[in-house]
Number of protein chains: 2
Amino acid sequence: MSARSPANSVDPDAPRAPLRAFSRSLPMALLKAREAVMGRFRPILHAHDLTEQQWRVLRALTSADGFRAGELARLSSISMPSLSRILRALEKRALIERGVEDKDLRAAQISITASGRALIALIAPHSERGYADITAAFGDERLATLYRLLDELATCLTDGTEPVEVDEE
Amino acid sequence: MSARSPANSVDPDAPRAPLRAFSRSLPMALLKAREAVMGRFRPILHAHDLTEQQWRVLRALTSADGFRAGELARLSSISMPSLSRILRALEKRALIERGVEDKDLRAAQISITASGRALIALIAPHSERGYADITAAFGDERLATLYRLLDELATCLTDGTEPVEVDEE
DNA sequence: CGTTAATATTTAACGTGTTATATAAATTGG
DNA sequence: CCAATTTATATAACACGTTAAATATTAACG
């Protein structure tokens, strides 16, 4: 016998949950948009052996000199465990350097090296071309609106009442 | 001596790339919004030992019976390698079942079990409450606009001229 | 001071994303 | 009908996300 359609033709004991369609799933919509956008940038980074996250860290390091790991994690939206691995990899490639802070021996001072800056300078124009493509395809105004909405959404969900209570049954 | 500020006080040989600020990084904005949203849903799923992706697969399976793996991957925006692992895990927990298609022995027919439906029914109301919270905090109209923009962005980047050419130097 | 609590960072374990490759079945072409 | 190509799925390898725990240093307190 064929094994098609097993023993589960909608058991009436298991109530049909009227689940919202994927088209109205907010995490899904955000994911797909992000995938589409990253499809434009990933090849550029991959051509230089950088992951998206490594790129974010390098970028953040150009805005000042001598960050601590925690600051870097917040700036680049990368968790500390991931950042720890990323810094190890970037240091091995001599794209960043670490020192220790005088006043706090736990904290590391992380800076980008000249090689790191050179790599960024190599990639930056490609990145900007990606943005130009996206802007051309999507429109300047709609893009601005999207930025605003995304920022407002993150803000209004991050502020105030933090997590949802999960009552165990 | 202290190891602060190593040997890289802005080497003039490494040109300062005028990188766009993080606040105008589209992948970053999408990521942060998604993180904020998932912060509302992750605890619910975690309380039932489900990852976000496992949840997506289960959800997709409620829309019809007997999917092939490839269809499921497209529906839930999960890559085939990931899906393969996820199906193995869900099958072990008896939340899904696999059969083989008569006409094509390569393809598997994947269905949700009664236990799987029961789990969904258990979680669904919590999920809807999360959406209610988000709608209340963000507003119905803005949310609708955001959905529309996200969908349009993904569409306009996925259609037409696919990848950016990466000229190796 | 010395003991405890808080902070900064790392490591571990597991699941997923991405890329490349492998396996197996179906299709195509000769 | 058999060899070569395509298609569906699985596996491997490496990096990251998440959670929890470990380590090391500083601060706080008695």
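Keep in mind the model is a prediction, meaning the values are calculated, not measured. Throughout, a chain's letter reflects where its sequence line sits, starting with A, and its residues are numbered from 1. Note that these values count all heavy atoms, side chains included, but never hydrogens, waters or copies made by symmetry.
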**Fill in**
Closest of dA8(D), dT18(C), dG17(D) to the R42(A) side chain is dT18(C)
**Request:** Would you list the pairs meeting side-chain hydrogen bond (donor to acceptor under 3.5 Å, both in side chains) in which at least one residue belongs to residues 26-35 of chain A, sequence neighbours left out?
**Result:** R34(A)-E52(A)
**Message:** According to side-chain contact (heavy atoms from CB on, under 4.5 Å), who are the partners of E71(A), at least two apart in sequence or on a separate chain?
**Reply:** F67(A), R68(A), R74(A)
**Prompt:** Going by distance alone, is a donor N or O of one side chain under 3.5 Å from an acceptor N or O of the other, for T158(A) and T155(A)?
**Reply:** no
**Prompt:** For the pair made of CD in E71(B) and P in dT7(D), what is the distance, rounded to whole Å?
**Reply:** 16 Å
Pick out the pairs of N or O atoms, protein on one side and nucleotides 26-29 of chain D on the other, that lie under 3.5 Å.
{"from": "dT26(D)", "atom 1": "OP1", "to": "L105(A)", "atom 2": "N", "distance (Å)": "3.0"}

**Fill in**
Those residues at least two apart in sequence (or on a different chain) that pass side-chain hydrogen bond (donor to acceptor under 3.5 Å, both in side chains) with S77(B) are none
**Asked** Rounded to the Å, how far apart are I78(B) CD1 and dG15(C) P?
**Response** 15 Å
**Prompt:** By salt bridge (Lys or Arg N to Asp or Glu O under 4.0 Å), which residues pair with R142(A), not counting sequence neighbours?
**Reply:** E152(B)
**Request:** Could you give me the CA-CA distance, side-chain angles and deciding distance for Y147(B) and D151(B), then say whether side-chain contact (heavy atoms from CB on, under 4.5 Å) is met?
**Result:** CA-CA 6 Å; Y147(B) 272 122; D151(B) 188 53; over 6 Å; no
**Message:** R106(B): which residues meet the salt bridge (Lys or Arg N to Asp or Glu O under 4.0 Å) condition with it, sequence neighbours left out?
**Reply:** D104(B)
**Message:** Nearest whole Å is fine: how far is dA15(D) P from L45(A) CG?
**Reply:** 16 Å
**Prompt:** Nearest-Å distance, CZ (R68(A)) to P (dT10(C))?
**Reply:** 12 Å
**Asked** Nearest nucleotide by nearest heavy atom, which residue falls closer to the 5' end of DNA chain C, H46(A) or I110(A)?
**Response** I110(A)
**Asked** Distance check: side-chain N/O of Q53(B) vs OP1/OP2 of dG17(C), anything under 4.0 Å?
**Response** yes
**Message:** If the condition is salt bridge (Lys or Arg N to Asp or Glu O under 4.0 Å), which residues does R85(A) pass it with, not counting sequence neighbours?
**Reply:** none
**Request:** For dC16(D), take OP1 and OP2 only and decide whether either is under 4.0 Å from a side-chain N or O of Q54(A).
**Result:** yes
**Prompt:** For DNA chain C, what residues of residues 80-91 of chain B have any heavy atom nearer than 4.0 Å?
**Reply:** P81(B), S82(B), R85(B), I86(B)
**Message:** Tell me if a side-chain donor or acceptor on T113(A) pairs with a main-chain N or O of L95(A) at a distance below 3.5 Å.
**Reply:** yes
**Request:** State which residues pass side-chain contact (heavy atoms from CB on, under 4.5 Å) with S84(A); sequence neighbours excluded, sorted by chain then number.
**Result:** none
**Item:** Nearest-Å distance for atom pair CG/P, residues L72(B) and dA8(D)
**Value:** 15 Å
**Request:** Could I get the full list of side-chain contact (heavy atoms from CB on, under 4.5 Å) partners for S127(B), not counting sequence neighbours?
**Result:** F41(B), Y131(B)
**Fill in**
In whole angstroms, the gap separating P of dA20(D) from CG of D49(B) amounts to 12 Å
**Item:** Which residues share a salt bridge (Lys or Arg N to Asp or Glu O under 4.0 Å) with R88(A), sequence neighbours left out
**Value:** none
**Prompt:** Does anything in residues 26-38 of chain B reach DNA chain D, meaning a heavy atom under 4.0 Å, and if so which residues?
**Reply:** none
**Item:** N/O (side chain, T51(A)) to phosphate O (OP1/OP2, dA15(D)) under 4.0 Å
**Value:** no
**Request:** Round to a whole Å and report the spacing from CD of Q109(B) to P of dA25(C).
**Result:** 17 Å
